[in-house]
Trainee: 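Let me give you the structure first, and then I'll get to my questions.
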Amino acid sequence: MKFGVVTFPGSNCDEDMVYVLETILDQKVERLWHKDTDLKGADFIVLPGGFSYGDYLRSGAIAKLSPIMSSVIEHANKGGYVMGICNGYQILTESGLLDGALLHNISQKFVCKNVHIKSVSTSNPLSKGLSTEKAYKIPIAHGEGRFYAQDDVIKKLEDSDQILFRYSDAEGNVNESTNCNGSVNNIAGTCNAGKNVFGMMPHPERASDRELNNEDGRLIFESLIKYC
């Protein structure tokens with residue numbers, strides 16, 4: 001499988017993503033520029049974290065208009081795989097590829113720390129290889145990470161098994177006290193109905209190297225590589 005990692009003005013996790021995919025996981029990677037429209041034969045497109053276009057208007061609101069996004073949307077609509085992490089998740093919701101929105105954290109502060117997430121769904125390749133009994137330690141770094149959608153959309157996501165992860169404690173307990181940003185139902189990641197577009201706020205690429213004493217994020221990438 002060949003990955004394409006998109007760089008927007010303000011991206012700052014693109015090289016981290018390339019390093020994990022290329023060096024740690026031994027995958028083929030193409031660097032994609034936001035002004036281009038050619039996906040260079042990539043099977044799996046990754047929209048990395050950062051502050052695309054300085055987060056002006058709303059996070060991801062300008063990036064969705066980048067020339068490459070027309071190709072990314074077309075790729076997704078044809079069943080191609082797309083993943084957005086943090087700012088990438090915001091771009092996917094702004095683009096309409098994923099339901100909901102990422103609002104300002106309930107604390108109104110930027111939050112940067114390790115949190116735990118619990119895998120919810122096993123019907124998609126991103127989390128199919130993960131245990132639903134274990135909590136995974138993955139860092140977050142965002143000011144607008146509070147997942148929100150109207151009640152009917154939340155019900156659809158729940159009923160269609162489109163919730164990927166929920167914020168939890170280290171033991172896997174999911175409750176209000178483990179909700180780091182105020183997301184509805186502790187939602188930390190979602191996918192589309194076709195199970196080929198994925199978004200999550202935590203950064204698994206920052207927890208994929210043994211030099212960092214945390215490889216929980218690597219398990220997420222290994223799952224998607226195995227099942228995509």
Side-chain angles (χ1 to χ4, degrees), residues 1-53 59-60 63-64 66-95 97-98 102 117 124-130 138-142 145 164-165 188-192 194-209 216-228:
M1 187 162 60
K2 186 177 182 181
F3 288 85
V5 178
V6 180
T7 298
F8 299 93
S11 295
N12 62 15
C13 299
D14 45 340
E15 287 301 322
D16 293 353
M17 184 62 66
V18 170
Y19 170 75
V20 169
L21 293 172
E22 198 171 57
T23 303
I24 294 181
L25 297 169
D26 197 28
Q27 300 296 304
K28 294 180 180 179
V29 180
E30 287 282 356
R31 290 171 170 82
L32 305 176
W33 183 237
H34 71 111
K35 286 188 177 181
D36 297 332
T37 56
D38 183 4
L39 300 183
K40 299 182 180 180
D43 308 292
F44 196 119
I45 306 300
V46 181
L47 308 182
F51 304 91
S52 59
Y53 296 91
S59 296
K64 75 174 182 180
S66 290
I68 201 164
M69 285 306 298
S70 61
S71 299
V72 172
I73 292 169
E74 181 181 5
H75 176 75
N77 288 338
K78 289 181 177 179
Y81 292 108
V82 179
M83 180 180 185
I85 297 174
C86 198
N87 188 225
Y89 190 9
Q90 295 161 342
I91 296 169
L92 291 178
T93 59
E94 288 285 341
S95 301
L97 287 176
L98 290 178
L102 284 309
I117 58 174
N124 71 89
L126 189 73
S127 59
K128 187 174 182 178
L130 303 179
I138 310 289
I140 59 169
H142 58 249
L164 299 177
F165 305 105
T190 59
C191 66
N192 66 339
K195 310 295 174 70
N196 65 301
V197 180
F198 320 100
M200 60 186 297
M201 286 309 297
H203 287 268
E205 79 281 6
R206 298 183 182 181
S208 296
D209 192 334
D216 282 2
R218 178 174 178 167
L219 300 175
I220 296 173
F221 292 115
E222 288 177 342
S223 177
L224 70 84
I225 290 169
K226 181 177 181 179
Y227 293 107
C228 281

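Along the sequence shown, the residues carry numbers beginning at 1.
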Trainee: With distance as the sole test, does Ser52 use its side chain to make a donor-acceptor pair with the main-chain N or O of Gly10 at under 3.5 Å?
Mentor: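 Not at all, since once roles are kept as given, no pair shorter than 3.5 Å links the two residues.
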
Trainee: Please name all residues satisfying side-chain contact (heavy atoms from CB on, under 4.5 Å) with Asp209, sequence neighbours left out, ordered by chain then number.
Mentor: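 Counting only residues at least two positions away or on another chain, Asp209 forms a side-chain contact (heavy atoms from CB on, under 4.5 Å) with Tyr19, Ile24, Glu211, Leu212.
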
Trainee: Do the side chains of Asn12 and Phe51 get nearer than 4.5 Å, heavy atoms only?
Mentor: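 Yes, at least one pair of side-chain atoms sits under 4.5 Å.
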
Trainee: Ignoring hydrogens and angles, state whether a donor on the side chain of Tyr53 or His34 is under 3.5 Å from an acceptor on the partner side chain.
Mentor: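 A pair is found: one side chain offers a donor N or O, the other an acceptor, under 3.5 Å apart.
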
Trainee: Nearest 0.5 Å, please: how far is CZ in Phe8 from CG in Asp14?
Mentor: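 The CG atom of Asp14 sits 10.0 Å away from the CZ atom of Phe8.
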
Trainee: Is there a side-chain contact between Leu97 and Asn77 in this structure, where contact means two heavy atoms from C-beta onward sitting under 4.5 Å apart?
Mentor: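 Yes, their side chains come closer than 4.5 Å.
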
Trainee: Indicate yes or no: at least one non-hydrogen side-chain atom of Leu102 is less than 4.5 angstrom from one of His142.
Mentor: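 No - every pair of side-chain heavy atoms lies 4.5 Å or more apart.
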
Trainee: Could you check whether any side-chain heavy atom of Ser127 comes within less than 4.5 Å of a side-chain heavy atom of Phe198, counting everything from C-beta outward?
Mentor: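 Result no, sub-4.5 Å side-chain heavy-atom pair not found.
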
Trainee: Quick one: pull up CD1 in Ile85 and CG in Leu92 and give me the separation to the nearest 0.5 Å.
Mentor: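 The CG atom of Leu92 is 10.5 Å from CD1 of Ile85, to the nearest 0.5 Å.
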
Trainee: Side chains of residues 199-207: which donor-acceptor pairs under 3.5 Å do they make with residues two or more places apart or in other chains?
Mentor:
unit_1: His203; atom_1: ND1; unit_2: Glu205; atom_2: OE2; d: 2.7

Trainee: Supply the atom-to-atom distance Ile117 CD1 to Leu130 CG, rounded to the nearest 0.5 angstrom.
Mentor: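 Spacing of CD1 (Ile117) from CG (Leu130) equals 8.0 Å.
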
Trainee: Grab the two heavy atoms, one from Asn196 and one from Gly80, that are nearest each other, plus how far apart they are.
Mentor: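 Scanning both residues, the minimum pair turns out to be ND2-O, 2.8 Å.
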
Trainee: Quick one: closest heavy-atom pair of Cys86 and Gly49, and the distance?
Mentor: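 Answer, listing the atom of Cys86 first, then Gly49: CB-CA, 4.2 Å.
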
Trainee: Other residues, nucleotides and ligands only: do more than 12 of their heavy atoms fall within 6.0 Å of NZ on Lys35?
Mentor: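 No, the 6.0 Å shell around NZ holds no more than 12 heavy atoms from other groups.
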
Trainee: Quick one: do the Gln90 and Asn87 side chains pair a donor with an acceptor below 3.5 Å?
Mentor: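 There is such a pair between these side chains.
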
Trainee: How long is the span from the OG atom in Ser66 to the CH2 atom in Trp33, to the nearest 0.5 Å?
Mentor: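 If I round to the nearest 0.5 Å, the distance is 9.0 Å.
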
Trainee: How close do Pro125 and Ser223 get, counting heavy atoms only, and between which atoms?
Mentor: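 Closest pair (atom of Pro125, atom of Ser223, distance): O-OG, 2.7 Å.
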
Trainee: For Arg218, is there an ion pair with Glu222 - N to carboxylate O distance below 4.0 angstrom?
Mentor: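 Result for this pair is yes, salt bridge flagged.
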
Trainee: Taking side chain as C-beta onward, heavy atoms only, is Leu224 less than 4.5 Å from Met1?
Mentor: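 In contact.
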
Trainee: Can you tell me how far the CZ atom of Arg31 sits from the CD atom of Glu22, to the nearest 0.5 Å?
Mentor: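 If I round to the nearest 0.5 Å, the distance is 5.5 Å.
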
Trainee: Taking the side chain as C-beta and beyond, is there a heavy-atom pair between Phe44 and Ile225 under 4.5 Å?
Mentor: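 No - every pair of side-chain heavy atoms lies 4.5 Å or more apart.
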
Trainee: Heavy atoms only: give me the nearest Ala76-Val197 pair and the separation to one decimal.
Mentor: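 Closest approach of Ala76 to Val197, heavy atoms only: CB-CG2, 3.7 Å.
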
Trainee: Is there side-chain contact between Met69 and Leu47, with at least one heavy-atom pair below 4.5 Å?
Mentor: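 In short, these two side chains touch, coming nearer than 4.5 Å.
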
Trainee: Got a donor-acceptor contact below 3.5 angstrom from the Lys128 side chain to the Lys226 backbone?
Mentor: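 Such a contact is absent between Lys128 side chain and Lys226 backbone.
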
Trainee: Do Val20 and Leu25 have side chains that approach each other closer than 4.5 Å (heavy atoms only, starting at C-beta)?
Mentor: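 Val20 reaches Leu25 side chain to side chain.
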
Trainee: So, the side chain of Asn124 versus the backbone of Leu126: is there a donor-acceptor pair under 3.5 Å, distance only?
Mentor: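 Looks like yes, one N/O pair under 3.5 Å.
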
Trainee: With rounding to the nearest 0.5 angstrom, report the OG to CD1 distance, Ser71 to Ile45.
Mentor: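 Ser71 atom OG to Ile45 atom CD1 measures 9.0 Å (nearest 0.5 Å).
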
Trainee: Please check: side-chain N/O of Asn192 versus main-chain N/O of Leu98, any donor-acceptor pairing under 3.5 Å?
Mentor: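 No, the answer is negative, given that no donor and acceptor are paired below the 3.5 Å cut-off.
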
Trainee: With a 3.5 Å distance limit and no angle check, can you tell me whether His75 reaches the backbone of Asp43 through a side-chain donor-acceptor pair?
Mentor: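 Yes, His75 side chain to Asp43 backbone: donor-acceptor pair under 3.5 Å.
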
Trainee: Taking side-chain contact (heavy atoms from CB on, under 4.5 Å) as the test, write out the residues that go with Pro67, two or more places apart.
Mentor: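 Per chain and number, Pro67 pairs via side-chain contact (heavy atoms from CB on, under 4.5 Å) with Thr37.
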
